[in-house]
Amino acid sequence: MPAYTLRIRRFDPQSGEAPHWDEHTVEMPETQSVLDAILKVRDEVDGSVGIRCSCQQAICGSCGVRMNGKPGLACNTHLGEAAERGHGVGWNPPEEGQVAPVIAVEPMGNMPVIRDLIVDMDAVHWKKIRRVTPWLVNQQPVPEREYIVPHENMVDVTQTMACIQCGACVSDCLAMEVDPLFVGPAALAKAYRFVGDPRDAQHRERLQDLAEDEHGIYDCTHCFNCIDACPKGVDPMSQIMRLRRRAGSDYEIEDRNNGYRHEHAFVNNIRRNGLLHEADLLPDSYGGKFNPRAVPELIGALPTAMTALRRGKMTPKTALGHPHKAPAEVKRIFEKVEGRSGRVELNLYVTGYEDEPEATGGGQRETATAAEPNAQGRPESVGAGERQPAAESLDADAVASETGTTEGETR
Amino acid sequence: MPNQDVLIIGAGLAGQRAALAAAQAGATVGIISKVHPVRSHSVAAAGGINAALNPEDTWESHAFDTVKGSDYLGDQDAIEVMCREAPGEILWLEHAGVTFHRNETGHLGTRAFGGASAARTYYVADITGHAILHVLYEQLMKHSTQVDSYEEWFTTDLLQDDDGRCIGAICRNLRDGHLEVFNAKAVILATGGCGQAYKPTTNGLIVTGDGIAQAYRIGAKLMDMEMVQYHPTTLAGNGLLITEGARGEGAWLLNAEGDRFMERYAPNKLELASRDVVSRAEQTEINEGHGFPDGTVALDITKVPRRRTLEALREIVNIGRDFAGVDITREPIHIRPGQHYIMGGVKTDVDGQTTIPGLYAAGEVACVSVHGGNRLGANSLLDTLIFGRRSGEHSAARAIQTSMPATPATRVADAERYIAAIINRDGGGRRVAAIKHELGETMNQYAAVFRDAEGLATAHEIIRRLKEEAPRATVDDRGSVFNQDVIGAIELGYMLDCAEAIVIAAEERKESRGAQFRTDFPKRNDDVWLKHIDVTVNGADVPEVSYSPVTITKWEPQERTY
């Protein structure tokens with residue numbers, strides 16, 4: 001049976017001592033989880049190791065930690081997998097004569113540590129969740145029975161509903177490291193859960209709020225850390241991008257953070273040049289070089305421009321002229337994308353299955369029969385069909401075309 | 001010293017639903033949980049929630065299925081209440097934002113579930129409990145001005161006045177270790193079951209029978225404690241749950257010879273017979289040598305179209321991959337019956353009132369009894385919500401007519417001494433985990449699918465010995481910030497109390513009914529045992545058994561076949 005050196009970050013605020021690493025050697029199969037190893041230490045050697053945990057099946061969201069530098073759930077991270085990562089914080093190659101690979105377990109980042117592996121989620125994570133009005137604001141009138149909602153919409157928001165609030169995405173959010181006030185990946189994914197839900201009455205208000213907040217949707221830097229970290233496939237960054245698209249394209253919210261105009265300037269810049277022409281990007285984001293709004297921004301950007309000139313990243317010629325012209329291929333891409341009737345989004349949660357023939361036995365037939373009375377049994381007049389708001393059909397179309405036109409691999 | 005009209009202990013589905021209902025009724029509410037509310041074990045409920053909401057379905061049909069599922073031990077008045085109110089509850093949840101599965105017309109869609117005569121299980125993929133729990137927490141955040149939430153507080157004592165009325169609780173803030181008295185006009189226990197008394201179990205590490213034991217210790221009656229559900233499909237090694245939704249979607253059970261053995265045990269309902277029947281069938285196959293060498297049979301989910309599995313059974317795809325190394329969409333997975341749920345608990349009426357005035361219970365901690373000898377799949381979420389709400393409403397109404405009680409300060413000092421004594425133990429005893437492990441294995445060996453007098457007596461003997469050992473168990477942690485070690489030591493005592501009540505009731509019931517199968521009394525005996533077994537304890541830790549009648553309204557006991 002393989003042996004591992006389990007290195008646990010310890011901190012006891014009552015001890016007056018600085019945080020330190022504790023080391024234990026555990027012998028366990030590589031398919032056992034990091035949590036199994038921690039609990040073995042706690043049960044057999046040292047009952048004072050602090051870690052939140054309960055379900056041991058990646059659904060309660062308690063045991064978010066960093067393992068060899070990567071955040072995730074201790075309960076569904078295999079020892080073998082964690083050991084292979086290496087090179088995280090607290091990681092050291094095995095010393096001479098030491099054969100067991102090291103697994104360094106430390107508390108999640110971006111949140112204060114209370115004790116050992118336990119962080120203060122209230123101070124950061126839950127505070128941010130509460131920031132996004134995290135409850136449904138019902139479309140009125142509330143129907144007597146259920147709201148009528150297209151199947152695809154429900155599956156779509158179920159992706160963000162699958163969030164277990166473990167904090168792994170918050171732990172390694174780079175934008176939050178720089179701007180602690182950033183609403184952040186988990187809370188913005190939660191916001192999408194309502195913006196994508198046709199039963200919610202405040203899509204525009206929510207989007208406006210998060211677009212206008214300088215720590216809101218345009219604060220994300222596309223680093224993909226949250227997507228890597230998420231143990232449940234919620235893809236927080238994708239949800240943030242979808243919030244942006246809805247804010248910009250669907251509701252045309254021109255936010256004071258210039259997020260909307262910046263995105264448009266970016267697209268038009270590529271349309272024109274084929275390659276990004278950075279000297280134009282900034283003024284275009286503020287409505288063009290001669291727009292009064294752009295002048296202070298351009299003056300503010302002068303030191304950066306000087307540095308770029310000095311280092312040869314930019315020449316007076318490239319700064320003022322237009323060295324590239326978009327080739328025909330780029331034009332064709334724009335034509336194809338913009339020629340589509342609905343927006344294409346790669347929501348792998350909805351569409352990420354390979355098509356395959358229905359090669360199955362009789363069990364499937366039985367299920368279909370069992371479900372049938374329900375599918376057909378409800379009279380058309382029952383429900384909220386006639387009372388659906390206009391925004392809803394828009395959502396439905398968008399999602400229908402998303403699911404219809406994308407292809408993807410199972411994640 | 002917070003004062004509340006209604007104090008709720010436990011913040012899973014029953015607790016949160018009770019809090020929202022009590023607040024809605026105008027009461028001031030406090031809700032206490034030893035973990036953050038969304039970590040509560042309701043989060044692990046997978047398959048769905050039952051209701052006769054479809055116009056072609058009837059609550060009577062749902063009620064009859066439940067009565068039959070209970071092997072006629074369920075109280076039919078309570079079952080009627082639950083099934084009548086189920087459709088309204090589903091719609092309440094839907095309006096609150098639960099992302100229930102929709103069919104092609106955009107209406108609520110259902111899946112088939114065990115022991116049910118219609119497809120009436122409403123669901124969110126296979127994360128139904130999770131989806132509902134998180135939506136209730138959204139509502140709790142919305143109503144934060146009416147409901148004070150005390151997250152990561154551990155209840156050490158229930159308080160009573162001189163007349164025996166429950167008047168609050170003493171709780172320890174895990175974050176800094178300080179104790180606080182919570183005065184309340186009514187207390188609702190919503191602390192869940194006691195699955196950790198078994199090993200393996202599908203239940204999380206926090207499910208340690210706290211509320212059952214706390215109520216028992218202050219004299220409340222426990223009922224139906226012998227009725228412990230073994231879920232038919234749990235993973236061999238770690239006991240993780242594979243949802244009944246898999247069989248609801250069409251998965252088969254096969255023994256090692258590839259024989260679909262349920263054809264012999266339940267020719268009509270096959271894999272979708274009630275859980276006690278399926279678990280017994282599997283265990284029989286395994287005992288008779290038709291299982292795999294690891295003591296399992298196979299669940300073949302490849303019978304379900306792959307696309308459907310990936311959409312509707314997503315969680316168990318992950319569980320198979322992460323915890324068993326099996327792609328369930330491509331190959332069968334080895335499963336066996338494993339401890340999952342306790343039908344018994346603190347005896348209550350249909351408004352959640354226990355036998356202690358001012359003390360309520362709802363959810364798995366309680367026994368109304370709507371599940372009797374065997375709970376149907378997808379009836380537990382319903383139970384938590386219906387009786388959570390009813391407890392919240394009833395306790396709020398009661399609180400309006402009651403004055404705020406006060407607790408003498410000496411009680412806190414007593415509780416502080418009790419905790420300090422645990423923290424300052426001078427070692428020498430066995431480790432808490434070792435005692436817990438022995439308890440779990442004992443229960444899983446002797447108080448499982450098949451039981452007999454000899455085994456139960458052995459189990460009882462072991463439990464008595466562990467009860468003597470537990471107060472000396474080693475505690476390493478001397479601190480007060482998140483001292484989980486001391487909590488573990490207290491929880492061990494709770495699990496031992498629950499285990500003893502289970503074993504005593506199982507010894508008492510000399511027949512086979514629902515989840516209780518006595519190999520020495522293999523038949524159901526309505527003449528003698530169509531009654532509930534109640535267990536109480538006096539001050540000297542000596543349990544006493546008594547009986548209460550089963551309420552029958554419409555459905556006389558019949559032979560039970562599937």
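A note on names: the letters A, B, ... follow the listed sequences, proteins ahead of strands, and every chain is numbered from 1. Below, all heavy atoms of this structure are taken into account, side chains as well, without hydrogens, waters or symmetry copies.
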> For B/Ser144, which residues count as a side chain to side chain donor-acceptor pair (under 3.5 Å) partner, sequence neighbours excluded?
Replying inline: none
> Given that the side chain runs from C-beta out, which part of A/Asp122 has a heavy atom under 4.5 Å from chain B: side chain, backbone, both or neither?
Replying inline: side chain
> At a heavy-atom separation under 4.5 Å, does A/Glu44 approach chain B through its side chain, its backbone, both, or neither?
Replying inline: backbone
>> Between A/Pro134 and chain B, with a heavy-atom cut-off of 4.5 Å, which part of the residue counts as in contact: side chain, backbone, both or neither?
In response: both
> Between A/Glu146 and B/Tyr122, is any pair of side-chain heavy atoms under 4.5 Å apart?
Replying inline: no
> Side chain, backbone, both or neither: which part of B/Val135 has an atom under 4.5 Å from a heavy atom of chain A?
Replying inline: both
> Is it the side chain or the backbone of A/Val45 that comes within 4.5 Å of chain B heavy atoms, both, or neither?
Replying inline: backbone
> Just how far is it from atom CG of B/Asp322 to atom CD of A/Glu81, taken to the nearest 0.5 Å?
Replying inline: 8.0 Å
>> Distance check, rounded to the nearest 0.5 Å: A/Ile118 atom CD1 versus B/Gln484 atom CD?
In response: 4.0 Å
>> So B/Leu205 and A/Leu39, do their side chains get closer than 4.5 Å, heavy atoms only?
In response: yes
> Side chain, backbone, both or neither: which part of B/Val124 has an atom under 4.5 Å from a heavy atom of chain A?
Replying inline: side chain
> Side chain, backbone, both or neither: which part of B/His130 has an atom under 4.5 Å from a heavy atom of chain A?
Replying inline: side chain
>> Would B/Arg314 and A/Lys232 count as a side chain to side chain contact (heavy atoms under 4.5 Å, CB included) here? Give the steps.
In response: CA-CA 10 Å; B/Arg314 200 180 177 85; A/Lys232 305 304 287 185; over 6 Å; no
> Would you call the rings of B/His36 and A/Trp126 parallel, tilted or perpendicular if under 30° counts as parallel and over 60° as perpendicular?
Replying inline: parallel
> Hey, mind stepping through A/Arg145 and B/Leu108 against side chain to side chain contact (heavy atoms under 4.5 Å, CB included) and telling me if it holds?
Replying inline: CA-CA 10 Å; A/Arg145 286 180 66 100; B/Leu108 294 176; over 6 Å; no
>> Can you pull out every side-chain hydrogen bond (donor to acceptor under 3.5 Å, both in side chains) where at least one residue sits in residues 52-64 of chain A? Sequence neighbours excluded, please.
In response: A/Arg52-B/Glu152
>> Measuring from atom CG of B/Asn318 to atom CG of A/Asn76, what distance do you get when rounded to the nearest 0.5 angstrom?
In response: 8.5 Å
> Quick one: what part of B/Ala96 sits under 4.5 Å from any heavy atom of chain A, side chain, backbone, both or neither?
Replying inline: backbone
>> Taking side chain as everything from C-beta outward and backbone as N, CA, C, O, which of these in A/Gln165 sits under 4.5 Å from a heavy atom of chain B? Side chain, backbone, both or neither.
In response: both
>> Counting C-beta onward and ignoring hydrogens, is there a side-chain heavy-atom pair between B/His134 and A/Arg193 closer than 4.5 Å?
In response: no
>> With a 3.5 Å distance limit and no angle check, can you tell me whether A/Arg199 reaches the backbone of B/Gly97 through a side-chain donor-acceptor pair?
In response: yes
> Is it the side chain or the backbone of B/Phe100 that comes within 4.5 Å of chain A heavy atoms, both, or neither?
Replying inline: backbone
>> Rounded at 0.5 Å granularity, tell me how far CD1 in A/Ile114 sits from CG in B/Leu174.
In response: 10.0 Å
> Which answer fits B/Ile319, side chain, backbone, both or neither, if we ask what part of it has an atom under 4.5 Å from a heavy atom of chain A?
Replying inline: side chain
> Any side-chain heavy atom of B/Met141 sitting closer than 4.5 Å to one from A/Ile129?
Replying inline: yes
> Got a second to check how far A/Cys75's SG is from B/Phe323's CZ, nearest 0.5 Å?
Replying inline: 5.0 Å
> Is chain B contacted by the side chain of A/Asn138, its backbone, both, or neither, given a heavy-atom distance below 4.5 Å?
Replying inline: side chain
>> Between B/Ser480, B/Gly488, B/Pro87, who has the most heavy-atom pairs with chain A when the cutoff is under 4.5 Å?
In response: B/Ser480
>> Is it the case that the side chain of B/Arg102 and the backbone of A/Pro150 share a donor-acceptor pair, with hydrogens and angles ignored and the cut-off at 3.5 Å?
In response: no
>> With side-chain contact (heavy atoms from CB on, under 4.5 Å) as the test, pick out the partner of B/Thr99 among A/Val157, A/Asp156, A/Leu136, A/Val155.
In response: A/Val157
> Quick one: what part of A/Ile164 sits under 4.5 Å from any heavy atom of chain B, side chain, backbone, both or neither?
Replying inline: both
> Who among B/Arg175, B/His41, B/Arg478 has the most heavy-atom pairs with chain A under 4.5 Å?
Replying inline: B/Arg175
>> Within the structure provided, determine whether B/His101 and A/His151 are in side-chain contact (heavy-atom separation under 4.5 Å).
In response: yes
> Looking at B/Glu151, B/Gln139, B/Arg431, which one has more heavy-atom pairs under 4.5 Å with chain A than the rest?
Replying inline: B/Arg431
